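Each remark here refers to the structure printed beneath this line.
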Amino acid sequence: MIQGETIAAIATAIVPQQGSVGIVRLSGVTAVAIAQTLFHAPGQQAWESHRILYGYVLHPETQATVDEALLLLMQSPRSYTREDVVEFHCHGGIMAVQQVLQLCIAQGARLATPGEFTLRAFLNGRLDLTQAEGIADLVGAQSPQAAQAAMAGIRGKLTDVIRHCRSRCLDVLAEVEARIDFADDLPPLDQGEVKAQLGAILADVTQVLDTAHQGELLRTGLKVAIVGQPNVGKSSLLNAWSRSDRAIVTALPGTTRDVVESQLVVGGIPVQVLDTAGIRDATDQVEQMGIERSQSAAQAADVVLLTMDASVGWTQAETDLYATIRHKPHIIVVNKLDLGPPVALPDLSVPLVKTAAAQGEGIDALEQAILTIVNAGQVTAANTELAVNQRQAAALTRAHVALRQVQSTIAALLPLDFWTIDLRDAIRALGEVTGEEMTESMLDEIFSRFCIGK
Ligand SMILES: Nc1nc2c(c(=O)[nH]1)N(C=O)[C@@H](CNc1ccc(C(=O)N[C@@H](CCC(=O)O)C(=O)O)cc1)CN2
Ligand SMILES: Nc1nc2c(ncn2[C@@H]2O[C@H](COP(=O)(O)OP(=O)(O)OP(=O)(O)O)[C@@H](O)[C@H]2O)c(=O)[nH]1
Ligand SMILES: [Mg+2]
């Protein structure tokens, strides 16, 4: 194992007071030497791999005690990066980890770039690209289902399927090339067999591609904006939905002045709900600015909930507002249903949900309507075993196109050389999913999206 220059980073959250323990991680050729310079382990503790040492981090010049800490050694290749890895498990907060990191830098380590530990794990063959992306997804997951899908990626479920597709393509390519090179010495190509193989591979690629929408919903989640006239019950809806008193509710129209956010999980999908200022012709400057924010929130949302008051009914104001959001996926929420049946409903064929937010009624129906409108299907643990991301989907789409092209080439009775061109394209595209065929700049681009210390 060739080890790179030693990199260092704080591996835990650096938000103040957010953890009782903080970890500084080192990986590379001088990691152990740096630890031996900085860490004093009293008594007869052995510096062995996969052992924890107890002791003190001491400033090498002043001998001042920087922290009381635990030290974890993981010797190459039995580590996350497959290089020598050392972790200082310090007290939490920011001072201890920052000072230990500074001491490591002073001893010659360099600050790791985002994702660099995982990049090294990838380059040293400990994980492939889909697994590395699974790790980033797990760190960013905002719902248990999103975490479950990420974990499937880490465990190599997608890798297995894609590798199998790629190796079958390589088999077909070998058969075809053999007929080109040694046509006289071999029996003719079994075209039926080749067609069957291609059909089977295409079916597998299609099945994986079909998970892209679920994957996108789980990873990026949804932004849902509640808009409507003042006093229709938008803030009450947010509160009922999030089972909290997140937003101020009063009987006065114009209560909400700024966008109020709440993070929820709907059917496994992370959902950011935005309660907004009621929209009307306001003279108050603060309210007017709030209304501008409502309008931007609606335009930035994935789904807009146009909320109305059943006891007032659908008015010209709703018609005007509707015109501004009709190009977005939207649902009409008829609130305050407890005050009696709606006076007037819109003459539109759009999804409509009836609620009584103050009583917490209608939330289930609202969630169902949202899942339907974004075509969420059933995001359950059972079918999130595979959930490809946009990058993987783009590569799989190229593989799909190339495989279809091979089928057309065969059907058009073109010579064998033509088959191999598209087969190679498909093989390259499948290799991009797992990272077997990647350029350095593609890798930099992917890993730079990771957080520092990962
Ligand atoms: N303290 C700490 N906790 C952590 C991590 C870490 O780096 N440090 N991880 C980091 O993300 C995750 C655990 N992932 C890990 C994956 C592989 C190895 C590892 O050493 N693998 C070697 C040898 C395993 C063995 O002893 O046989 C290997 O696969 O070759 C370590 C951590 C989550 N928890
Ligand atoms: N009867 C009844 N009253 C409701 C319901 N939902 C909200 N209200 C009441 O309507 C009033 C306005 O509620 P809010 O949730 O503040 O309305 P809003 O749309 O956020 O109002 P603005 O922030 O001013 O735009 C409050 O007095 C609520 O208690 C409901 O379902 N039924
Ligand atoms: Mg409000």
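Read the numbers this way: they start at 1 and go in the same order the structure lists the ligands and their atoms. Below, each value reflects all heavy atoms present in this structure, side chains not excepted, and no hydrogens, waters or symmetry copies. Nothing here was measured: the structure is a model prediction, and the numbers come from that model.
- Residue contact check: Lys234 has heavy atoms under 4.0 Å from atoms 15 (O), 17 (O), 18 (P), 19 (O), 20 (O), 21 (O), 22 (P), 25 (O) of ligand 2.
- Atoms of ligand 1 found under 4.0 Å from any heavy atom of Pro77 (numbered from 1 in listed order, with element): 30 (O).
- Closest to atom 10 (O) of ligand 2, if we only count protein heavy atoms, is Lys336 NZ, 3.1 Å.
- With a 4.0 Å cut-off on non-hydrogen atoms, Ser235 touches ligand 2 through its backbone as well as its side chain.
- Atom 17 (O) of ligand 2 has as its closest protein heavy atom Gly233 N, 3.1 Å.
- Nearest-heavy-atom check against atom 21 (O) of ligand 2 across Leu238, Asn231, Asn335 picks out Asn231.
- Summarising the contacts of atom 25 (C) of ligand 1 with His89, Arg25, Arg78, the nearest heavy atom is found in Arg78.
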Discussion item. Working note: Leu306 + Leu321, criterion side chain to side chain contact (heavy atoms under 4.5 Å, CB included); need CA distance, chi angles, decisive distance, verdict.
Written reply: CA-CA 8 Å; Leu306 174 47; Leu321 188 50; 3.5 Å; yes
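- Of the listed residues (Thr250, Val232, Asp309), the one carrying the non-hydrogen atom nearest atom 26 (C) of ligand 2 is Thr250.
- Near Ala356, with a cut-off below 4.0 Å to any heavy atom, the atoms of ligand 2 are 31 (O).
- Asp320 and Gln316 share a donor-acceptor pair across their side chains, judged by distance under 3.5 Å alone.
- By heavy-atom distance, the residue among Thr256, Asp338, Ile248, Val260 lying nearest atom 23 (O) of ligand 2 is Thr256.
- Each of Val86, Ile7, Asp84, Thr6 was evaluated against Ser27; a single residue qualifies, Ile7, per the side chain to side chain contact (heavy atoms under 4.5 Å, CB included) test.
- Ligand-side atoms of ligand 1 in range of Lys454: 10 (C), 11 (O), range being under 4.0 angstrom from any heavy atom.
- Here Ala11 has no heavy atoms under 4.0 Å from ligand 1, in either its backbone or its side chain.
- Under 2.8 Å from the Mg ion (ligand 3) lies no N/O/S atom of Ser236, from backbone or side chain alike.
- Ion pairing between a basic and an acidic side chain is recognised when a charged N comes within 4.0 Å of a carboxylate O; Arg168 and Asp204 show such pairing.
- For Thr255, every N, O or S atom stays at 2.8 Å or more from the Mg ion (ligand 3).
- Summarising the local packing, NZ of Lys328 is surrounded by more than 12 heavy atoms from other residues, nucleotides or ligands at distances under 6.0 Å.
- Counting heavy atoms under 4.0 Å from ligand 2, residue Leu339 touches it through the side chain alone.
- Taking every heavy atom of His50 and a limit of under 4.0 angstrom, the matching atoms of ligand 1 come to 26 (O).
- Just one of Thr256, Thr276, Val260 meets the side chain to side chain contact (heavy atoms under 4.5 Å, CB included) condition when paired with Ser235; it is Thr256.
- Annotation: atom 14 (N) of ligand 1 to nearest protein heavy atom, Tyr80 CD1, 4.3 Å.
- Heavy-atom proximity to atom 15 (O) of ligand 2, evaluated over Gly362, Ser236, Ser294, is greatest for Ser236.
- Looking only at atom types and distance, the side chain of Thr159 has no donor-acceptor partner in the side chain of Thr434 under 3.5 Å away.
- Of all the atoms in ligand 2, the ones that sit under 4.0 Å from a non-hydrogen atom of Leu252 are 24 (O).
- The closest heavy-atom contact to atom 28 (C) of ligand 2, among the options Asp275, Thr307, Val249, comes from Val249.
- Of the candidates Ser79, Gly453, Ser49, Ser27, the one placing a heavy atom closest to atom 21 (N) of ligand 1 is Ser79.
- By the 4.0 Å N-to-carboxylate-O rule, Arg166 lies close enough to Glu436 to be salt-bridged with it.
- Between Trp314 and Tyr322, the ring planes lie perpendicular to each other; the angle is over 60°, past the 30° to 60° tilted range.
- Applying the 4.0 Å criterion to heavy atoms of Gly278 picks out, from ligand 2, the atoms 25 (O).
- Using a 4.0 Å cut-off to heavy atoms of Glu87, the atoms of ligand 1 that qualify are 1 (N), 2 (C), 6 (C), 7 (O), 8 (N).
- Of all atoms in ligand 2, listed by their number and element, those nearer than 4.0 Å to a heavy atom of Pro253 are 24 (O).
- The protein heavy atom nearest to atom 31 (O) of ligand 2 is Ala357 N, 2.9 Å.
- Distances below 4.0 Å separate heavy atoms of Ala251 from the following atoms of ligand 2: 27 (O).
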